[in-house]
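Along the sequence shown, residues carry numbers from 1. Whatever order the structure lists them in is the order used to number ligands and atoms, beginning at 1.
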Amino acid sequence: MRILSIETSCDETAISIIEALGDFPDAKYEVLGDALFSQVDAHREFGGVFPAVAKREHIVTVLPMLEKALAESKLTYGFTPILTSDQTTEIYNLLSREDGLANQIINWHQAHGRPPIDLIAVTSGPGLEPALWVGINFAKALAYLWNTPVVPVDHMEGHILASLFDGHKLAELKFPALSLLVSGGHTEIILMESWGRYKKVGQTRDDAVGEAFDKVARLIGLPYPGGPRIGALAQIAREKQLPVYANLPRPMIHSGDLDFSFSGLKTAVLYAVKNKTLTEVEKQSLARDFEDAVIEVLIKKLSTAIEDFSAESVIVGGGVSANVHLRENIQNLQSPKQFPHLDVYLPDPYLSTDNSVMIALAGHARAKEALTPEIFNDTIKADGNKTLT
Ligand code: KG4
Ligand code: ZN
């Protein structure tokens with residue numbers, strides 16, 4: 001089965017083509033084509049992701065990404081008859097809100113024809129709805145042109161599967177498994193009793209971890225997205241063994257449940273830097289202090305969850321899983337003193353932030369739920385607050 005996947009939930013426009021041999025979760029996969037465009041430059045001047053800007057960027061970039069992924073895949077196209085005026089009208093209807101995209105895709109289709117794709121997977125949530133809709137409408141247009149089924153995919157399920165993927169197959173996961181999802185929009189602990197069965201057992205009550213990293217970065221004058229920059233500064237502080245700059249709180253660390261709160265920590269950083277111009281060294285110390293506070297809380301809650309649910313595996317996913325110090329601390333859980341038999345899964349760094357390979361994997365997991373072009377049109381909708389079930 002060849003799957004074409006589309007990811008437009010936030011500020012990455014990504015399209016992949018994956019070949020799956022066998023059934024989920026035992027299939028062998030080959031990534032035939034993978035194209036990703038990051039919009040960070042467009043969002044930097046606003047200091048964060050603006051939905052309307054993200055939507056505009058996706059509209060401009062999604063077809064070039066399709067072309068790039070298909071070119072990389074070296075798949076050969078089949079013959080395409082000229083579109084009838086009814087078909088052209090349908091494409092204009094499907095892409096009525098994506099200015100100019102209908103024309104582009106009609107011309108492209110007439111020039112190239114249908115590639116040998118068996119299934120289209122598209123992120124339907126969670127994420128920014130105007131951004132999600134671009135991918136969904138694009139998927140619907142392709143499905144209509146190619147007469148190919150579509151499956152809507154949960155972005156967070158994608159992050160989980162990305163962490164289990166070695167480039168060719170998924171890990172043989174031992175259950176119960178716990179997934180710590182940490183991104184710009186999410187901080188949650190998910191219990192998995194078996195493949196495809198999810199239960200949220202903890203979540204943030206306010207800011208997501210990635211959001212807190214980005215906000216703290218802004219407070220000390222670092223450009224968006226600040227998370228990776230905070231991580232880099234913190235590493236320097238550790239290497240230089242710099243003294244503590246601010247004693248920061250560990251919010252909810254003793255709350256007894258598996259929930260999180262990071263807005264108070266961000267406020268504590270705000271007070272620590274108020275009316276001050278930090279030197280480079282002070283910024284490094286503060287970045288380390290902040291990172292230590294966040295990671296201590298994440299590890300404490302995750303450890304409690306491992307005990308509570310007798311978890312055999314831990315999966316970490318989402319953009320913040322690229323953080324070096326978090327990765328080290330997660331690896332350390334698997335130690336003789338802590339959880340000697342625990343399996344730990346972290347994503348390959350290139351799969352830790354948003355991408356479409358993860359959406360293809362989630363599409364394969366849900367392939368049986370695929371909808372045919374005749375019935376999907378009103379069924380697939382963007383759901384910004386979608387939760388895993
Ligand atoms: O999963 P992702 O790419 O997009 C969302 O779905 O949100 O996550 C992006 C988030 C941003 O907040 C970014 O600052 C953060 O992940 N991030 C990091 C690191 N790399 C990305 N945070 C801390 N350390 C990093 N190395
Ligand atoms: Zn994400």
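For ligand 1, the atoms sitting less than 4.0 Å from at least one non-hydrogen atom of A322 are 20 (N), 26 (N), numbered in the order shown with element in parentheses. Below 4.0 Å from some heavy atom of T353 lie the following atoms of ligand 1, by number and element: 3 (O). Taking every heavy atom of G185 and a limit of under 4.0 angstrom, the matching atoms of ligand 1 come to 7 (O). Counting the atoms of ligand 1 from 1 in the order shown, those under 4.0 Å from a heavy atom of H155 are 6 (O). Interface atoms of ligand 1 facing S183, defined by a heavy-atom separation under 4.0 Å, are 1 (O), 5 (C), 6 (O), 7 (O), 8 (O).
Rounding to the nearest 10°, we obtain 90° for the angle at the Zn ion (ligand 2) between D354 OD1 and H159 NE2.
Not a single N/O/S atom of H186, whether from backbone or side chain, sits less than 2.8 Å from the Zn ion (ligand 2). Here C10 does not reach the Zn ion (ligand 2): none of its N/O/S atoms is less than 2.8 Å from the metal.
Between G319 and ligand 1, at least one pair of N/O atoms sits closer than 3.5 Å. Here's the thing with N323: one of its N/O atoms is less than 3.5 angstrom from an N/O atom of ligand 1. Ligand 1 has no nitrogen or oxygen under 3.5 angstrom from a nitrogen or oxygen of V324. At least one N/O-N/O distance between G210 and ligand 1 falls below 3.5 Å. Considering backbone and side-chain atoms alike, G226 places every N or O at 3.5 Å or more from each N or O of ligand 1. On a distance-only criterion, H159 and ligand 1 share at least one N/O pair closer than 3.5 Å.
Protein heavy atom nearest atom 9 (C) of ligand 1, with residue, atom name and distance: G184 N, 3.8 Å. Of the protein's non-hydrogen atoms, G227 CA, 3.5 Å is the one closest to atom 22 (N) of ligand 1. Of all protein heavy atoms, the one closest to atom 15 (C) of ligand 1 is V320 CG2, 3.9 Å. Nearest non-hydrogen protein atom to atom 5 (C) of ligand 1 is D354 OD2, 3.6 Å. For atom 14 (O) of ligand 1, the closest non-hydrogen atom of the protein is D214 OD1, 2.6 Å.
With a 4.0 Å heavy-atom cut-off, ligand 1 is reached by no atom of H186.
Using a 4.0 Å cut-off between a side-chain N of Lys or Arg and a carboxylate O of Asp or Glu, K215 and E211 qualify as a salt bridge. Using a cutoff of 4.0 Å between basic side-chain nitrogens and carboxylate oxygens, E291 and R288 are not scored as salt-bridged.
Looking at T267, its side chain does come within 3.5 Å of a backbone N or O of S263 through a donor-acceptor pair. Although no hydrogens or angles enter the test, the distance criterion places a donor-acceptor pair under 3.5 Å between the side chain of S163 and the main chain of V316. The backbone N or O of K140 lies less than 3.5 Å from no partner atom in the side chain of N137, so there is not a single donor-acceptor pair. When atom types are taken as modelled, the side chain of S183 and the backbone of H186 share a donor-acceptor pair closer than 3.5 angstrom. For T123 (side chain) and E7 (main-chain N/O), no donor-acceptor pair under 3.5 Å exists by modelled atom type. Proximity of a side-chain donor or acceptor of K301 to a complementary backbone N or O of D257 within less than 3.5 Å is detected.
The Zn ion (ligand 2) sits nearest to atom NE2 when only the N, O or S atoms of H155 are considered.
The aromatic rings of W108 and W146 sit tilted, their planes meeting at an angle between 30° and 60°. Using bins of under 30°, 30° to 60° and over 60° for the plane-to-plane angle, the ring pair F262/F260 lands in the parallel bin.
Considering all non-hydrogen atoms of both residues, D34 and S16 come closest at OD1-OG, 3.0 Å.
For the ligand labelled ligand 1, residue P228 lies inside the 4.0 Å heavy-atom shell.
Residue E188 is tested with R205, K199, K200 for a salt bridge (Lys or Arg N to Asp or Glu O under 4.0 Å); the sole match is K200.
A centroid separation of less than 6.0 Å is found between the aromatic rings of Y77 and H112.
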